Structures are given as C-alpha cells and as structure tokens.
There are 2 protein chains.
Amino acid sequence: MEYSPSCMKESLPAPVIPKKTVYRLSIYQRCLQRLIENDVNTVSSESLAGVAGVKPTQLRKDLAHFGHFGTRGLGYNVNTLVEMIRDALGRNRLQPVVLVGAGNLGSALLRYSGFQKEGFEILAAFDIAARRGDPKVDGVPVIPQEEMMGFVNKNDVRMAILAVPVSAAQDVVDQLIDAGVQAILNFSPTVVDVPDHVMVKNVDLAVELENLSYFVRN
Amino acid sequence: MEYSPSCMKESLPAPVIPKKTVYRLSIYQRCLQRLIENDVNTVSSESLAGVAGVKPTQLRKDLAHFGHFGTRGLGYNVNTLVEMIRDALGRNRLQPVVLVGAGNLGSALLRYSGFQKEGFEILAAFDIAARRGDPKVDGVPVIPQEEMMGFVNKNDVRMAILAVPVSAAQDVVDQLIDAGVQAILNFSPTVVDVPDHVMVKNVDLAVELENLSYFVRN
DNA sequence: GAAAATCCGTTAATTATTTCACAAGCCCTC
DNA sequence: GAGGGCTTGTGAAATAATTAACGGATTTTC
C-alpha cells in the first residue's frame with residue numbers, strides 16, 4: 001500500500017481517480033501557488049482546505065489517491081504538493097492549445113492572461129473571417145479557418161478552446177477531433193456530440209447565470 | 001401528488017431539488033428553445049435527453065420533481081415544458097444583473113450577446129478606472145466603482161458577474177453582499193468567502209483548462 | 001527525553017446521485 | 001372501442017461522493 005499505488009502490483013484496470021478529485025486538484029494548485037508567493041513552506045489540510053473552500057477530510061482523501069505526501073503533526077510541504085499535483089495532472093502543462101472563433105468572446109479569451117499565467121500557451125487562433133496577414137492579437141496569430149486542421153495535425157495539438165457560433169460548433173468540433181484534438185473547452189452555447197475518447201467541458205455563460213438565478217430568493 | 005408539489009400540503013421543509021437537477025434544467029431549456037425554433041411541438045424524454053447529453057431516465061426524474069408534464073405514449077409538449085422550467089427556475093428571469101470589472105474579460109462579457117438572448121439584462125458595469133461620462137459599451141453604462149453599492153441597493157439587484165483582479169475580488173464581493181446581492185458568477189480566478197445565504201458559481205477558465213489536460217492521453 | 005498537542009491517512013458510515021426495471025397511462029389504428 | 005405499441009413516472013437497486021471518526025506518526029514544548 002505504501003508509495004506505489006496498488007495498480008502496480010499486476011497492472012490492475014486503473015487507479016481510477018474520481019473526476020471531481022481531478023478537478024479539485026487544479027483548485028488546490030492555484031491556492032498553493034498563492035502560498036508560495038507568500039513564502040509559506042508548510043500547510044495543514046485544514047488551512048489549505050479552508051482557502052480552497054472544501055472540507056479538510058476531502059482534501060486529504062483527494063491527495064491520498066496519489067500517495068503519502070504529508071507529515072503527521074506538521075502538514076504538507078507546499079513545494080512537494082505542487083510538484084505532486086503537477087505530475088498528477090500531467091507534466092505536459094506546456095501543452096499547446098488552439099482557439100477557434102475569434103469573435104467577441106474568442107478575442108477576449110485571447111487577451112486573457114490567465115491561461116498563460118497557468119502555463120498554457122495558445123499557439124494560434126482560427127476564424128472564418130480571418131485573412132492571411134491579419135495582425136496578431138496579444139502575440140497570437142489569427143489564421144483563416146481553412147488552415148486549422150493542417151495546423152493542429154502538424155503541431156500535435158491535443159486541446160482546443162471553442163468560441164464559435166452555435167451553428168458552426170458541431171462542424172468545427174468534428175474537424176478538431178479528426179485532426180487529433182482530445183479535449184475541448186467549449187464556450188459555444190450548445191451541447192456537442194463527441195466520441196468517448198474525447199473530453200468536452202462546456203462553459204455556457206448564460207446557463208450558469210440562469211442556474212444561479214434559481215438560488216435567488218424572490 | 002398531482003400538479004401541486006407536496007410542500008403545499010402543509011408547508012413542509014422544502015421540495016429539495018438536487019442542485020444538479022436545477023443545473024440541468026437550464027440545459028434542457030436551451031435545447032427546448034432550439035426545438036421551438038424548428039417548430040417541434042412534442043418531444044420524448046429519449047430524444048430530448050439525447051440532445052442535452054444525458055440519459056432519458058435522468059431527464060424524466062429531473063422533471064418529475066416538479067410534477068407531471070408528459071403524456072405517456074407521446075412525450076412532452078415543448079411549450080408546456082419550457083413554461084414549467086421557466087417557472088421552476090424562477091419567473092424572474094428578467095432579473096437585473098450588474099457586472100463588476102470592465103477589463104479584458106469583463107468588457108468582452110458586456111459585449112457577449114448570450115446573456116441578453118437568454119433573458120438577462122446587464123443594468124450597468126462598474127470599474128475602478130471608470131469615470132463619469134464614460135461611453136456606454138454595447139448599451140451598458142460603465143460607472144465608477146464608488147457608485148456600485150448605491151446602485152445595487154437602489155435597483156434591487158440580486159445578481160452580479162465578477163471579473164475583477166484577484167486582489168480586489170474579496171473586497172468587491174463583500175461590498176456586493178452588503179448591498180444585497182445573493183448570487184455571484186465569479187470569473188476572478190480565486191475562491192471567495194461568502195455567507196451561507198449567498199451562492200457563488202466560480203468559472204475559472206485556467207482551472208477548466210488545466211482540468212481538461214488531465215484527460216489528454218500522453 | 002517524556003508528555004502534550006498536532007495532524008495525516010484510512011476505514012467505515014452517511015449522504016447524494018444515477019441507473020434500472022417495470023407498472024400504468026395514453027395514443028393510434030383498425 | 002379494443003388492442004398493440006410507445007413513453008412516462010417511480011420505487012428500488014446500484015453507484016458515487018462526502019463526511020465523520022479515529023489510530024498512529026511526528027513535531028513541539030517543557
């Protein structure tokens with residue numbers, strides 16, 4: 001049981017990390033980075049959980065999926081934890097990403113510094129209305145849609161951010177998948193169909209707002 | 001049990017709708033609107049679930065929380081369903097909303113037509129750098145931050161969209177809550193502290209992307 | 001260096017959510 | 001208007017996720 005997950009014993013099906021755990025790892029990561037900035041070396045599950053907005057038990061259980069990282073009586077070493085999470089989430093955080101659809105929302109996302117700051121690089125943006133020689137936006141070239149598949153293929157791009165109109169969404173998604181994309185962050189307000197091996201995360205701003213409105217007392 | 005929820009009988013604790021159900025209602029709503037545009041009158045749980053990306057059973061169970069709306073052997077009347085969901089989510093879909101932080105992301109959200117299209121109206125945007133007399137963005141006035149609390153108070157605003165830098169997020173949230181806001185859609189990449197009666201939905205773009213990267217095969 | 005205080009890792013219990021399976025209801029045809 | 005074919009609504013079963021409880025390790029204090 002020690003440091004090696006049980007799956008090592010005889011290549012069992014998989015460690016099976018709950019999706020929600022994986023999601024929270026990203027949140028922990030963000031909080032840890034804040035701690036590093038403040039020169040904090042050690043953190044207890046209680047205080048980290050407090051900052052991340054979860055219960056201490058949940059934090060410990062989440063981390064336990066990946067091994068033993070804490071010191072009883074003391075807590076977790078911040079740097080160790082950050083490395084562990086980085087590994088867990090895939091060291092390929094330098095993964096190239098493309099953005100499709102440089103309209104209002106799309107171009108705002110291009111200028112949004114948050115992605116870069118967290119270690120993602122948007123290689124290029126594609127738009128149906130783009131022309132060769134269009135100016136870069138915040139250092140990112142905006143390229144005609146036709147060149148998307150070739151580009152994705154050539155650069156081994158596995159992740160895409162989608163911000164195209166609903167009417168184009170499914171088509172673009174199909175193309176992206178054809179070209180090798182495996183994960184899509186979808187800002188187009190529609191549900192798209194994808195094969196099992198492709199992961200889509202929908203971020204539908206209007207749906208989020210509508211959902212929130214349910215919790216407003218009348 | 002019929003059309004009136006059991007809570008009417010003698011004001012029981014509450015109908016207790018699962019959060020995830022409420023969330024999915026918004027998605028169903030969107031899919032239904034697409035159906036209306038295509039002049040579809042009737043839809044089965046199977047086909048609606050297909051479009052919404054869920055299992056038919058789940059759809060039926062979700063709807064069942066609110067009463068009987070379908071016709072066995074036939075399916076659901078699209079218009080009836082739309083009305084039912086609108087009611088369930090709170091008829092106050094004309095709820096006023098304010099946006100705080102008119103930077104890159106904030107101003108893109110202002111121009112984003114999706115909110116309006118779904119029936120939300122952004123009354124005003126506030127920014128620390130705004131000056132009286134600044135031009136409107138897409139019809140929405142951009143107002144100095146100092147006037148936020150007064151405005152929210154006066155206009156009975158219950159919902160806010162937050163797109164300010166991390167360093168300002170908690171302060172602004174505290175002010176918003178003081179002024180009466182009950183639900184916050186938070187695009188600032190940080191977890192904010194709120195009392196129990198306030199609902200926050202975090203949309204952290206970098207976290208979403210990082211999370212997705214876990215599912216990319218190496 | 002012993003005792004007290006802290007805090008992790010883990011099992012078990014609880015709670016929430018999803019799925020199954022099927023009875024009951026309704027449409028539609030003949 | 002009777003019967004076959006669909007499709008809903010729903011209890012019960014299965015699954016997943018969260019929380020609680022606690023043993024044991026480690027630090028800190030005196």
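Chain letters run A, B, ... following the sequence lines, proteins first and then strands; every chain starts at 1. Because the structure is predicted, anything quoted here is derived from the model rather than measured.
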Within this structure, what is the OG-CG distance for the pair B/Ser44 and B/Leu59, rounded to the nearest 0.5 Å?
9.0 Å
Spacing of A/Leu185 atom CG and A/Asn202 atom CG [to the nearest 0.5 Å]:
9.0 Å
Between C1' of C/dT19 and CD of B/Glu46, the distance in whole Å:
15 Å
Distance check: side-chain N/O of B/Thr57 vs OP1/OP2 of C/dT19, anything under 4.0 Å?
no
Which whole-number value in Å describes the distance from A/Asp62 CG to D/dA16 P?
16 Å
Given atom NZ of A/Lys20 and atom C1' of D/dT19, what is their separation to the nearest angstrom?
14 Å
If you check every side-chain atom of B/Arg72, which of D/dT7, C/dC7, D/dT10 has the closest atom?
D/dT7
Nearest whole angstrom, please: distance from the C1' of C/dC20 to the CG of B/Leu59.
16 Å
Side chain of B/Thr71 only, please: which of D/dG24, D/dG9, C/dC27 is the nearest?
C/dC27
Calculate the interatomic distance between B/Phe69 atom CZ and D/dT7 atom C1'; express it in whole Å.
17 Å
Consider the side chain of B/Leu74, meaning its heavy atoms from C-beta on, and name the nucleotide among D/dT8, C/dC27, D/dT18 that approaches it most closely.
C/dC27
Classify the side-chain pair B/Asn79/B/Glu83 by whether it contains a donor and acceptor separated by less than 3.5 Å.
no
For B/Arg60 and D/dT7, give me the distance from atom CZ to atom P, rounded to whole Å.
10 Å
If I take atom CG in residue A/Leu48 and atom P in nucleotide C/dC8, what distance separates them, rounded to the nearest angstrom?
10 Å
Donor-acceptor contact below 3.5 Å, side chain B/Glu208 vs main chain B/Val203:
no
Protein-nucleotide distance (A/Tyr76, atom OH; D/dA25, atom P), rounded to Å:
16 Å
Can you tell me if the side-chain N/O atoms of B/His68 get under 4.0 Å from OP1 or OP2 in D/dT10?
yes
Modelled atom types, side-chain donor and acceptor of B/Gln175 and B/Asp171, under 3.5 Å:
no
Return the nearest nucleotide to the side chain of A/Lys55; candidates are D/dG23, D/dT19, D/dT10.
D/dT19
Would you say the side chain of B/Lys61 and the base of C/dT19 hold a donor-acceptor pair, judged only by whether the two atoms sit under 3.5 Å apart?
yes
